[in-house]
Q: 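Take this structure, written in structure tokens, and hold onto it; I'll ask about it next.
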Amino acid sequence: MIDDLCRPMNYSRPPWPNPPPSDRDGGRLRRRRRPLRRLRPKLARPRATGSRDTRRVRRTRAGRRTPAVAEAGCGPGYMTAHLRNLGLDAFGIDLSPALIDIARKDHPDLRFEVGSMGAFDVADGELGGLLSWYSVIHIQPPELPPYFAEFRRVLASGGYLLLGFFESEGGPVLQFDHRVAPANRWPIDDLADLARKEEFVEVARMLREPLEDERFRRGHLLMRRQAAAMC
């Protein structure tokens, strides 16, 4: 019975088996089926609103400059390239000149800079978004709060911060042997609290259990810098 419920309905055939029942009702059966034939095109074709909505978004973007988005600790730059492919004005910074060289070689049409994510070379409130994809894990816990202060400084009011990290699965901050540099697994609540102290509001969080070739649970936090209070 479950299989019958899950099987997609075929509107090109009547719901009874062949041959159809004899029409002993003087044509009323055929009349009852006419509304279904008129309804069938509406069931088969959803409302096509995408193209109109897309044109509206493009007109809006054309009339104003979209704030830049930065990847902090971009490494070889593949996530920066992903942001660009999403239509964002993205650039990346990393402390490692070797990784920046790789990023520039693999993505010559993007901007990459050698620098610290604790000291961006941008004006206050210049960025619309900031991605820290498994980069804060390399900062030791006592040194991490100033980085969140810098994230707040460079983000515009209402700008978004997305963090990716290894989660400690209910334990305290734990150090482990990362292949790039010593790294830490963080409790998701602790990172959220650090961001809240710098006027970030949590929008969403996600925890993902490790796959077969992964060691640790993954955590993601989407935070938003509080909008400036209206006078």
Q: Is it the case that over 12 heavy atoms from other parts of the model lie below 6.0 angstrom from the OH atom of Y134?
A: yes

Q: Taking I139 as the starting point, is it possible to reach L130 by hopping between hydrophobic residues whose side chains are less than 4.5 Å apart?
A: yes

Q: Salt bridge (Lys or Arg N to Asp or Glu O under 4.0 Å): which pairs involve residues 157-169, sequence neighbours left out?
A: E167-R217, E169-R185

Q: Within this structure, what is the SG-CD distance for the pair C74 and E113, rounded to the nearest 0.5 Å?
A: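 Reported to 0.5 Å precision, the distance equals 9.5 Å.
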
Q: Is it true that a side-chain atom of H220 and a backbone atom of F165 form a donor plus acceptor pair closer than 3.5 Å?
A: no

Q: For residues Q226 and F200, determine if any side-chain heavy atom of one lies less than 4.5 Å from a side-chain heavy atom of the other.
A: no

Q: Would you confirm whether S168, through its side chain, and L174, through its main-chain N or O, come within 3.5 Å as a donor-acceptor pair?
A: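 Not confirmed, S168 side chain does not pair with L174 backbone.
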
Q: Enumerate, atom names and distances included, each donor-acceptor pair closer than 3.5 Å involving a side-chain atom of residues 144-155, sequence neighbours excluded.
A:
from: E150; atom 1: OE1; to: R153; atom 2: NE; distance (Å): 2.9
from: E150; atom 1: OE2; to: F120; atom 2: N; distance (Å): 2.8
from: E150; atom 1: OE2; to: R153; atom 2: NE; distance (Å): 3.4
from: E150; atom 1: OE2; to: R153; atom 2: NH2; distance (Å): 2.8
from: R152; atom 1: NE; to: E198; atom 2: OE1; distance (Å): 3.0
from: R153; atom 1: NH1; to: V122; atom 2: O; distance (Å): 3.1
from: R153; atom 1: NH1; to: D124; atom 2: OD1; distance (Å): 2.6
from: R153; atom 1: NH2; to: F120; atom 2: O; distance (Å): 3.1
from: R153; atom 1: NH2; to: V122; atom 2: O; distance (Å): 3.2

Q: Between D89 and R111, is there a side-chain N and carboxylate O pair less than 4.0 Å apart?
A: no

Q: Out of curiosity, I100 CD1 to F112 CZ, how far, rounded to the nearest 0.5 Å?
A: 7.0 Å

Q: Checking N184 side chain against W186 main chain: does a donor-acceptor pair fall under 3.5 Å?
A: no

Q: Let me see the working for M117 and V136 under side chain to side chain contact (heavy atoms under 4.5 Å, CB included), right down to the final yes or no.
A: CA-CA 9 Å; M117 62 182 181; V136 297; 4.3 Å; yes

Q: Would a hydrophobic clustering, with Ile, Leu, Val, Met, Phe, Trp and Tyr connected at side-chain separations under 4.5 Å, put I102 with M79?
A: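 In one cluster with I102: M79, no.
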
Q: What about V201 and L162, same hydrophobic cluster or not, with Ile/Leu/Val/Met/Phe/Trp/Tyr joined at side-chain heavy-atom distances under 4.5 Å?
A: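 No.
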
Q: Is there a side-chain contact between L127 and P67, using heavy atoms and a 4.5 Å cut-off?
A: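 Not touching, per the 4.5 Å side-chain cut-off.
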
Q: Would you compute the distance between atom OG1 of T80 and atom CG of L88 and round it to the nearest 0.5 angstrom?
A: 11.0 Å

Q: Has H82 got more than 12 heavy atoms of other residues, nucleotides or ligands less than 6.0 Å from its NE2?
A: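 Atom NE2 in H82 is not crowded, with 12 or fewer foreign heavy atoms closer than 6.0 Å.
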
Q: Take atom CG of N85 as the centre, draw a 6.0 Å sphere, and report whether it contains more than 12 heavy atoms from other residues, nucleotides or ligands.
A: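 More than 12 within 6.0 Å, yes.
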
Q: With a 4.5 Å cut-off on side-chain heavy-atom distances among I, L, V, M, F, W and Y, is there a chain of contacts connecting M223 to Y160?
A: yes

Q: Which distance, rounded to the nearest 0.5 Å, do you find between the CD1 of I93 and the OG of S135?
A: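 With rounding to 0.5 Å, CD1 (I93) is 9.0 Å from OG (S135).
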
Q: Apply salt bridge (Lys or Arg N to Asp or Glu O under 4.0 Å) to the pair R205 and D189, showing each step before the final yes or no.
A: CA-CA 10 Å; R205 64 171 59 192; D189 288 333; 2.8 Å; yes

Q: Is E209 close to E214 at the side-chain level, that is, under 4.5 Å between some pair of heavy atoms?
A: no

Q: Can you confirm whether L221 sits close enough to E202 that some side-chain heavy atom of one is under 4.5 Å from a side-chain heavy atom of the other?
A: yes

Q: Which residue pairs pass the salt bridge (Lys or Arg N to Asp or Glu O under 4.0 Å) test with at least one member in residues 134-148, sequence neighbours excluded?
A: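 Sorted pair list comes back empty.
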
Q: In the structure I gave you, are the side-chain heavy atoms of D109 and H107 within less than 4.5 Å of one another anywhere?
A: yes

